[in-house]
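Single-structure report; data block below.
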Amino acid sequence: MPELPEVETVRRGLNQLTLSQEVTGGDILLQRTISYPFSVDEFVDRIKGNTIATWHRRGKYLLAELSTPSPSYLGVHLRMTGQLLWLNQDEPLHKHTRVRLFFGERQELRFVDQRTFGKIWYVPGNMAVEAIITGLAKLAVDPFSPEFTVEYFANKLKKSRRPIKTGLLDQSVVAGLGNIYADEALFKSRILPTTPCTELQISQIELLRIAIIEVLSASIALGGTTFSNFLSVKGVNGNYGGEAWVYNRTGEPCKVCGHVIQRLKLGGRSSHFCSQCQS
DNA sequence: CGTTATACCTGCCAGC
DNA sequence: TGCTGGCAGGTATAAC
Ligand SMILES: [Zn+2]
C-alpha cells in the first residue's frame, strides 16, 4: 500500500487525531507484528500511560514521539498492506486486524494488515532508534530534504551498474520511493528503467531528481494513491491514480505518444514504461 | 563486497 | 464451477 506519499498522508492524519491522548491499553492479535520488544505483554506495558507528542516520518517509517520516558518512540512500517485507522473501540473488528491500541475511554488506533508484513516497534528511551528499527540505519536522505542534491544523488548512483529502477527502490539511495512512483519518475524524466545507474548523464540525474520530487508532491497533494488497499487514518482512499503515466497501464497507449506501455521484470518487480518516450 | 533470488503472507484475477 | 499460476504497495536475509 504505502510509498512516501501514502505514509505522509497517514502521518498528517495521525497528527490531527492521536496527539495528547493517553494510551489506556492494547490488544495484540498477531504477535509477530510486534518486532520489539519480544514480549507483547511488555510492549503493551511500556506503551500504556503514554501520550504521543508528534508523529515523524523517515522514508516509509512512521515514528511517534512518546511522552515518557523522553526520548522513547513507537515505530510503525506499513509494508505492503498495512493500515492505521482511528476508530471508536466498539467498531466491529476488521478481518485482518493485527494490533489495537486504545486511547482514552473510547478511541482506538487499529492496525489492519492483510498480508501481515507490517511491523511495529517500541523504542525504549535508553536505546538508539537505529539499534531497534534496523532498517533506519541504512536509510538515505528524504527526497524533500535540502540534502537531496544532484551531487548527493549522482554520488550514490555511480557506485553501481544495476538498472536505475532497481537503484530507485534501494532505500539507501533515496528514501521513500516504491514501485509506483519510481516508474512514474522515470517516465517523467524520459529514462528507461533498464539504464545502468553508471551510464546516466549528470543532466539526466538532475531531471530524475526533479521528477521524483514532483511526482511525490503531486501524490501527497491528492492524499496518496488510488492503487491498492491504501486508506488514510480516517479510512479514505487517495486520489492519485488517473494521473499515472505508466504504472499499472501495461498494454494501454502512452498518454504522450500513443505507443503501447510495456512491462518488464527488474529486480523481481514489475516496471512499466514507454519505449518511445524513454531512452 | 555487489547482486540476485527467495521468504514472509493473504487474496484476487485470468485462463483453462 | 473449481483449480492453478501469477501477481500485488516492501524489506530482510540467504545464496551466489
Ligand atoms: Zn510514449
Side-chain angles (χ1 to χ4, degrees), chain A residues 1-11 29-36 57-62 75-84 93-99 111-121 130-140 156-185 193-198 212 215-216 219-220 222-232 236-241 244 246-251 262-272:
Chain A
M1 138 185 168
E3 302 180 33
L4 188 153
E6 291 74 42
V7 178
E8 178 62 17
T9 300
V10 169
R11 186 188 73 82
L29 288 85
L30 182 68
Q31 295 215 6
R32 59 187 155 73
T33 302
I34 307 300
S35 277
Y36 191 90
R57 179 185 59 72
R58 288 178 62 182
K60 302 172 196 169
Y61 293 82
L62 287 163
V76 179
H77 198 301
L78 304 170
R79 295 285 185 94
M80 298 282 251
T81 55
Q83 303 168 337
L84 281 172
L93 285 193
H94 297 61
K95 183 173 183 185
H96 303 296
T97 303
R98 308 304 182 193
V99 172
F111 186 65
V112 179
D113 183 22
Q114 182 200 107
R115 291 176 72 183
T116 75
F117 296 159
K119 293 292 175 202
I120 298 178
W121 302 260
E130 294 80 6
I132 302 295
I133 309 177
T134 52
L136 289 177
K138 284 180 283 183
L139 201 64
K156 288 282 188 181
L157 293 175
K158 77 180 184 195
K159 291 171 182 167
S160 164
R161 53 174 67 263
R162 64 190 165 174
I164 181 60
K165 170 62 184 291
T166 307
L168 292 180
L169 294 180
D170 183 341
Q171 303 297 298
S172 73
V173 171
V174 58
L177 279 181
N179 213 31
I180 299 172
Y181 303 107
D183 280 0
E184 294 299 302
T194 47
T195 312
C197 294
T198 45
I212 288 167
V215 77
L216 296 177
S219 182
I220 291 170
L222 293 172
T225 188
T226 57
F227 300 124
S228 84
N229 71 341
F230 168 67
L231 292 180
S232 72
V236 303
N237 190 228
N239 289 303
Y240 184 95
V246 288
Y247 184 79
N248 210 30
R249 298 195 63 244
T250 310
Q262 292 169 260
R263 186 170 75 91
L264 186 68
K265 276 232 171 194
L266 290 174
R269 313 292 302 278
S270 286
S271 285
H272 312 79

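Numbered from 1 within each chain, the chains take letters A, B, ... in sequence-line order.
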If stacking means aromatic ring centre less than 5.5 angstrom from the base's six-membered ring centre, planes under 30°, is F117(A) stacked on dC9(B)?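 Answer is no, no stack.
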May I ask you to say what [X] touches in the nucleic acid, namely base, sugar-phosphate or nothing, with a heavy-atom cut-off under 4.0 Å?
X	answer
Y181(A)	nothing
G268(A)	nothing
S160(A)	sugar-phosphate
R269(A)	base
T166(A)	nothing
K159(A)	nothing
K95(A)	sugar-phosphate

Starting at NZ of K60(A) and ending at P of dT11(C), how long is that distance when rounded to a whole Å?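 In whole Å, dT11(C) P lies 4 Å from K60(A) NZ.
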Taking E130(A) first and then R58(A), would you say they form a salt bridge - that is, a charged N and a carboxylate O separated by under 4.0 Å?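 So E130(A) pairs with R58(A) through a salt bridge.
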Note: R162(A)-D170(A) ion pair, threshold 4.0 Å (strictly below):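 The answer is yes: the pair qualifies as a salt bridge.
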Which comes earlier along DNA chain C counting from the 5' end, the contact point of Q114(A) or that of K138(A), where each point is its nearest nucleotide?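 Nearest nucleotide further toward 5': that of Q114(A).
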With P as the reference atom in both, quote the distance from dG6(C) to dA5(B) in angstrom, rounded to an integer.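 dG6(C) and dA5(B) have their P atoms separated by 16 Å.
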For the P atoms, the ones on dT11(C) and on dC12(B), what distance do you get once it is rounded to whole angstrom?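 Straight-line distance between the two P atoms is 24 Å.
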OP1 or OP2 of dG10(C) sitting under 4.0 Å from any side-chain N/O of Q171(A)?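 For Q171(A), the contact criterion (side-chain N or O under 4.0 Å from OP1 or OP2 of dG10(C)) is not met.
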OP1, OP2 of dT10(B) versus side-chain N and O of T81(A): anything below 4.0 Å?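 Negative; the distance criterion is not met.
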Starting the side chain at C-beta, find the nucleotide from [options] nearest to [X].
X	options	answer
R79(A)	dA8(C), dC9(B), dT11(C)	dT11(C)
H77(A)	dT11(C), dC8(B), dA8(C)	dT11(C)
R263(A)	dC9(B), dC7(C), dG10(C)	dC7(C)

What about Y181(A) and Y240(A), are their ring centers closer than 6.0 Å?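 Here the rings of Y240(A) and Y181(A) have centres that are less than 6.0 Å from each other.
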Under 3.5 Å for both donor-acceptor distances, Watson-Crick or wobble: does dT4(B) have a partner, and if so which one?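 Pairing partner: dA14(C).
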Note, T33(A) side chain near K119(A) side chain (heavy atom, < 4.5 Å):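 A side-chain contact under 4.5 Å is absent here.
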